[in-house]
Amino acid sequence: MSAYDEVEIEDMEWNAELGAYTYPCPCGDLFQITLADLRLGEEIARCPSCSLFITVVYNEEDFADAKEPHKPAPRPVAVA
């Protein structure tokens, strides 16, 4: 069975709630691959709702010691 598509990791979105990088699946759910999977060299992101999967293109070295991506803290805004 071949992958539905090849997707660059930069085109995926980090979902902190799922703890995974995600990409929209045609079925309406999301392809998912965890940071732990990426650290192990995994390149297949699966959809939990259907049988489709994608190949994730990334540099393994970028994730060898990676920590969970985080959003910058909101900055206060002065109101005059």
Aromatic ring pairing Y4/F31, orientation class (parallel under 30°, perpendicular over 60°, tilted between)
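Rings of Y4 and F31: parallel, as their planes differ by under 30°.
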More than 12 heavy atoms of other residues, nucleotides or ligands under 6.0 Å from CD of E10: is that the case?
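Counting neighbours around CD of E10, more than 12 heavy atoms of other residues, nucleotides or ligands fall under 6.0 Å, so yes.
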Check: Q32 main-chain N/O paired with T22 side-chain donor or acceptor under 3.5 Å:
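Such a contact is absent between T22 side chain and Q32 backbone.
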Side-chain donor-acceptor distances from residues 42-58 under 3.5 Å, at least two apart:
unit_1	atom_1	unit_2	atom_2	d
E42	OE2	I44	N	3.0
S49	OG	D29	OD2	2.4
Y58	OH	L38	O	3.0
Y58	OH	E42	O	2.7

How many angstroms lie between [atom1] in [X] and [atom2] in [Y], if you round to the nearest 0.5 Å?
{"X": "I33", "Y": "I9", "atom1": "CD1", "atom2": "CD1", "answer": "6.5 Å"}
{"X": "Y21", "Y": "T34", "atom1": "OH", "atom2": "OG1", "answer": "11.0 Å"}
{"X": "E13", "Y": "L18", "atom1": "CD", "atom2": "CG", "answer": "10.5 Å"}

